[in-house]
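Since the structure comes first, as structure tokens, the remarks are kept for the end.
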Amino acid sequence: MRKKIVAGNWKMNLTFDEGRQLLNELRLLRLDDDKVEVIVAPPSLYLSQFSFTNSNTLSLAAQNCHDKPSGAYTGEQSAAMLASLKIGYCILGHSERRSMFHESDEWVADKVMACFAEGVSPILCCGETLAEREAGRHFDVITKQLTTVFKRMDKKQAAYMIIAYEPVWAIGTGVTASSDQAQEMHAFIRSLISTELGREEAEEMRILYGGSVKGSNAKELFDQSDVDGGLVGGASLDFSSFKDIIDAI
Ligand code: 13P
């Protein structure tokens with residue numbers, strides 16, 4: 001059985017003290033190690049100070065990294081640097097980075113490969129815009145975003161990969177994909193993994209849903225057979241709203 005994940009993407013939010021307090025509260029949760037893993041992605045500036053967080057049930061993720069191990073890339077951080085801090089996960093290809101920072105599918109694939117090389121697990125995001133969904137192109141968009149990466153991977157790497165399906169129209173809008181829409185896309189993604197990487201790999205890979213997840217809709221989403229947890233933005237910034245989502249597992 002796939003262990004569920006609830007991941008919080010803080011994006012560019014919370015001061016250092018606010019973040020530390022939130023992590024201290026999360027650390028006190030008694031979570032069932034067999035059932036759930038909580039991952040928190042604070043701003044990278046805080047990662048080294050927050051490494052006290054890492055435990056069996058609570059881990060840290062970065063929100064992005066560069067594809068090169070080192071060099072003249074002002075303002076960037078490499079997967080090697082994350083590994084040197086024992087940061088186990090890195091969110092890659094978030095739609096905000098694709099749209100605002102012009103990250104192409106190929107560049108995201110380079111970053112994924114850089115993470116694998118350093119033993120950092122990528123949380124690879126994919127998602128279509130509202131216009132793409134309305135034009136009936138959502139399956140094509142997801143296929144391109146994911147196969148660009150899958151084509152470069154081997155079966156062993158698949159064991160370290162996590163996918164997050166985040167429809168752009170549901171991010172920060174308060175509009176969540178219905179559980180049927182989420183399940184339909186997650187099942188599609190799983191079949192894509194099966195074709196590109198293998199059936200067993202598809203069975204084992206966790207596929208998270210992201211986009212306006214909150215306590216009130218989390219259970220219905222997480223109960224879908226191909227939804228293995230959530231990637232949460234706004235509702236991960238406050239202890240009680242994030243806990244409500246974790247409790248929905
Ligand atoms: P919201 O939960 O705020 O919609 O954000 C989702 C997201 O982008 C997580 O990466």
Side-chain angles (χ1 to χ4, degrees), residues 5 7 9-12 39 41-45 47-48 59-129 132 137-168 171 185 188-190 192-198 201-202 204-208 210 231 233:
I5 292 175
N9 176 8
W10 293 0
K11 308 188 182 183
M12 198 174 72
I39 300 174
S44 56
L45 187 60
L47 283 171
S48 65
S59 311
L60 290 176
Q63 297 177 15
N64 179 40
C65 71
H66 199 270
D67 64 294
K68 302 287 187 298
S70 62
Y73 300 99
T74 301
E76 292 290 324
Q77 62 190 10
S78 70
M81 292 170 184
L82 298 178
S84 73
L85 283 176
K86 303 204 167 17
I87 304 301
Y89 299 95
C90 184
I91 297 172
L92 291 173
H94 192 283
S95 65
E96 286 151 16
R97 294 216 57 90
R98 290 176 189 266
S99 64
M100 291 187 248
F101 301 96
H102 314 293
E103 292 194 8
S104 64
D105 295 337
E106 288 72 23
W107 194 15
V108 172
D110 289 341
K111 291 172 180 226
V112 168
M113 299 319 285
C115 279
F116 283 138
E118 297 296 338
V120 176
S121 286
I123 302 174
L124 172 63
C125 301
C126 60
E128 81 285 357
T129 63
E132 287 163 343
R137 299 207 303 113
H138 41 303
F139 294 114
D140 293 343
V141 170
I142 301 302
T143 301
K144 182 164 178 299
Q145 289 176 345
L146 293 181
T147 51
T148 306
V149 178
F150 292 161
K151 292 265 182 247
R152 294 180 52 185
M153 284 171 56
D154 61 34
K155 282 175 184 281
K156 263 202 255 148
Q157 290 166 331
Y160 299 97
M161 173 131 221
I162 297 162
I163 304 288
Y165 169 58
E166 299 202 307
V168 178
I171 295 177
M185 185 57 87
F188 176 78
I189 292 171
R190 207 174 293 289
L192 209 57
I193 302 165
S194 180
T195 310
E196 297 292 333
L197 292 162
E201 287 69 20
E204 280 168 20
M205 200 177 292
R206 267 84 59 88
I207 307 173
L208 314 183
L231 180 55

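Given the structure is predicted, the values throughout are model-derived calculations rather than measurements.
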Practice task
Show your reasoning for whether side-chain contact (heavy atoms from CB on, under 4.5 Å) applies to Glu196 and Met153.
Solution key: CA-CA 9 Å; Glu196 297 292 333; Met153 284 171 56; over 6 Å; no

Practice task
List the steps and the verdict of side-chain contact (heavy atoms from CB on, under 4.5 Å) for Leu92 and Glu103.
Solution key: CA-CA 10 Å; Leu92 291 173; Glu103 292 194 8; 5.9 Å; no

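Taking 4.5 Å as the limit, every side-chain heavy atom of Ser70 sits out of range of all side-chain heavy atoms of Ser78. Phe139 is not listed as a side-chain neighbour of Glu132, based on a closest heavy-atom distance of 4.5 Å or more. Val108 has its side chain out of reach of Arg97: every pair of non-hydrogen atoms, C-beta onward, lies at least 4.5 Å apart. Between Arg152 and Met113, some side-chain heavy-atom pair lies under the 4.5 Å cut-off. Within the 4.5 Å cutoff, no side-chain heavy atoms of Tyr89 are placed close to those of Leu60. Pro43 places none of its side-chain heavy atoms less than 4.5 Å from the side chain of Met12. Counting only heavy atoms from C-beta outward, the side chains of Ile171 and Glu96 approach each other to under 4.5 Å. When side chains are defined from C-beta on, Phe188 does not count as touching His138, because their heavy atoms never get closer than 4.5 Å.
Put simply, CE on Met185 and CD1 on Ile189 are 6.0 Å apart, with the number rounded to the nearest 0.5 Å. Once rounded to the nearest 0.5 Å, the distance linking CD1 of Ile207 with CG of Leu231 reads 13.5 Å. The CG atom of Asn64 sits 8.5 Å away from the CZ atom of Phe101 when rounded to the nearest 0.5 Å.
Under a 4.0 Å N-O distance rule, the pair Lys68/Glu76 does not qualify as a salt bridge.
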